[in-house]
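Since the structure comes first, as structure tokens, the remarks are kept for the end.
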2 protein chains.
Amino acid sequence: MRISELSERSGVAVATIKYYLREGLLHPGLTLAPNRADYDDEHVRRLRLIRALIEVGGLSIASVVQTLAAVDDASVSIHDAFGVAQDALSPATPTPAPELGSTPTGSNSPTPCTDAQLEVDRWLRRRRWKVRPDAAARTELAETLAALQQFGWGHSASLFDGLADYALEQAGLEVGYLDPQQDRSSLMEQAIIGTVAFEQAYGAIRRLALEHQSYQRFGRRRSVSA
Amino acid sequence: MRISELSERSGVAVATIKYYLREGLLHPGLTLAPNRADYDDEHVRRLRLIRALIEVGGLSIASVVQTLAAVDDASVSIHDAFGVAQDALSPATPTPAPELGSTPTGSNSPTPCTDAQLEVDRWLRRRRWKVRPDAAARTELAETLAALQQFGWGHSASLFDGLADYALEQAGLEVGYLDPQQDRSSLMEQAIIGTVAFEQAYGAIRRLALEHQSYQRFGRRRSVSA
DNA sequence: GTGTAGTGGATAGTTATACTATCCACTAAC
DNA sequence: GTTAGTGGATAGTATAACTATCCACTACAC
């Protein structure tokens with residue numbers, strides 16, 4: 001298959017495919033001649049996965065590269081690949097804080113992130129969840145906890161207990177759905193798509209549910225004092 | 001309060017505050033002289049909200065503008081403001097598809113999005129959820145359904161039934177937590193932060209739970225055939 | 001008074017991301 | 001033997017979110 005056919009079949013522009021090849025998202029085709037290379041169904045399949053991660057999961061190209069590297073590396077276990085995919089979904093440490101005293105942050109921000117971080121770590125220990133100490137989701141959760149605290153949504157991580165009970169159950173179903181007997185790359189793909197797509201799905205469903213519930217509670221009332 | 005003090009107290013750089021003023025995210029201070037304006041605690045508070053929406057929720061500046069406009073517009077009901085915040089959280093219609101025949105998409109992509117869209121709309125009707133027909137989350141959910149279908153995660157929206165039952169319950173708790181007696185702007189802020197932060201929190205918790213469950217199922221095994 | 005740090009406002013520049021377009025030597029098929 | 005198309009390289013574009021510079025001016029210290 002030539003690049004133009006790959007483009008047609010995947011719906012991805014030729015220039016974009018070339019870009020993905022350069023970035024290492026897509027394996028190069030079999031070079032038949034200096035200006036002739038052969039692509040196959042694996043390339044179509046890979047492009048579908050790439051587009052799904054970008055469009056559905058909102059991953060950056062760099063995150064996709066990392067994720068696909070784990071998919072392709074046969075020495076990475078399914079479990080470890082899950083970890084990579086999960087970190088790729090976390091919004092890439094939005095708090096680098098390069099330790100410069102030049103930032104306008106004076107005596108403010110009494111490291112609420114660290115407080116929340118400790119709280120989250122303690123909470124995870126109480127629940128006996130086996131997660132890497134450096135899992136990106138830990139930090140992410142600590143940041144959302146800090147934000148919720150600031151705006152009057154309670155102070156302790158036990159705020160998340162209900163969510164966690166349900167998430168554990170749901171994650172069990174999702175992981176259980178995967179068949180360890182099928183071939184490794186399909187299993188990986190399915191696990192990764194599941195990780196990103198169900199997360200988006202839950203977000204969307206939650207927003208629909210919130211809209212429905214807020215209609216029940218606040219609907220038809222045209223404003224609430226000033 | 002002068003701009004430098006506002007910067008110190010909020011931890012946002014002066015240049016960034018000026019940028020937010022230009023973009024209309026922050027109300028201008030009270031102008032005392034051509035080069036003197038006065039900012040108050042409301043500005044500090046607003047900056048905290050803006051940063052939380054951007055850092056925790058990952059919203060774009062444009063989405064924040066829209067959300068804050070709803071917060072400030074006293075004629076917008078709480079319920080409608082929820083809708084605005086929810087749409088701001090959806091990843092801004094990543095499928096504009098400007099109807100150009102020039103795109104490389106030939107006869108492929110048998111509008112799976114539309115099929116999934118119909119399926120999602122039917123599913124919502126079955127559940128009797130009251131949501132705007134143009135809610136962004138509908139489209140988003142349809143897209144994730146299409147992705148899940150493509151990768152072998154089942155075909156019907158009933159895949160989401162469990163998620164939806166739980167989301168409904170959780171959304172009820174969340175909306176119920178809001179006190180309609182408190183002043184409008186605090187209520188709005190709390191509702192909006194809740195919408196964005198709990199969504200991120202659930203995502204993070206879900207990833208932690210997935211990691212835990214995948215450890216139980218796949219951990220210690222070093223790869224699964226090739 | 002005079003100097004100077006800081007201000008508000010405008011405008012221009014920067015960095016990063018994700019493409020998109022152009023160029024070119026070449027070649028396979030008509 | 002022409003020509004549409006290819007692979008590969010390189011350059012350009014668009015957008016987002018800042019960041020930096022400039023400038024006339026002014027409040028306050030001395």
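Counting non-hydrogen atoms of neighbouring residues, nucleotides and ligands closer than 6.0 angstrom, the CD atom of B:Gln66 reaches no more than 12 such neighbours. The number of heavy-atom neighbours closer than 6.0 Å to CZ of A:Arg2, taken from other residues, nucleotides and ligands shown, is 12 or below.
Comparing D:dA17, C:dT20, C:dA18 by their nearest atom to the side chain of B:Ser60 picks out D:dA17. Distance from the side chain of A:Ile3 is smallest to D:dG7 among D:dG7, C:dA28, C:dG8. Comparing D:dG7, D:dT26, C:dA28 by their nearest atom to the side chain of A:Ala37 picks out D:dG7. Nearest to the side chain of A:Ile61, among C:dA18, C:dA28, D:dA20, sits C:dA18. When each of D:dG8, D:dT26, C:dT7 is scored by its nearest atom to the side-chain atoms of B:Pro34, the top-ranked nucleotide is D:dT26.
Straight-line distance from the CG atom of B:Asn35 to the C1' atom of C:dG9: 10 Å, rounded to whole Å. Atom CG in B:Asp38 sits about 13 Å away from atom C1' in C:dT7, given to the nearest Å. Straight-line distance from the NZ atom of A:Lys18 to the P atom of D:dG12: 17 Å, rounded to whole Å. In this structure, the CD1 atom of A:Ile17 is 17 Å from the P atom of C:dA18, given to the nearest Å. Rounded to an integer number of Å, the gap from B:Tyr19 OH to C:dG9 P is 18 Å. What separates CD of A:Glu5 from P of D:dG5 is a distance of 13 Å, to the nearest Å. Computed from coordinates, the A:His43 NE2 to D:dT6 P distance equals 15 Å when rounded to whole Å. In this entry the distance linking CD of A:Glu23 with C1' of C:dT17 reads 10 Å, nearest Å.
In terms of position along DNA chain C, the nucleotide closest to B:Leu21 lies nearer the 5' end than the nucleotide closest to the other residue of the pair B:Leu21 and A:Ile54.
You won't find any donor-acceptor pair under 3.5 Å spanning the side chain of B:Arg2 and the base of D:dT26, going by distance alone.
Taking the ring axis of B:Tyr39 as reference, the NZ or CZ atom of B:Arg46 does not stay both within 45° of it and closer than 6.0 Å to the ring centre. Geometrically, A:Arg48 engages B:Phe151 in a cation-pi contact, judged by NZ or CZ lying under 6.0 Å from the ring centre and within 45° of the ring axis.
For the OP1/OP2 pair of D:dT19 and a distance below 4.0 Å, the side-chain nitrogens and oxygens of B:Thr16 include at least one atom meeting the criterion.
Across all strands shown, B:Ala15 has heavy atoms under 4.0 Å from base atoms, whether or not it also approaches the sugar-phosphate.
A:Tyr19 meets the side chain to side chain donor-acceptor pair (under 3.5 Å) test with no other residue; sequence neighbours excluded.
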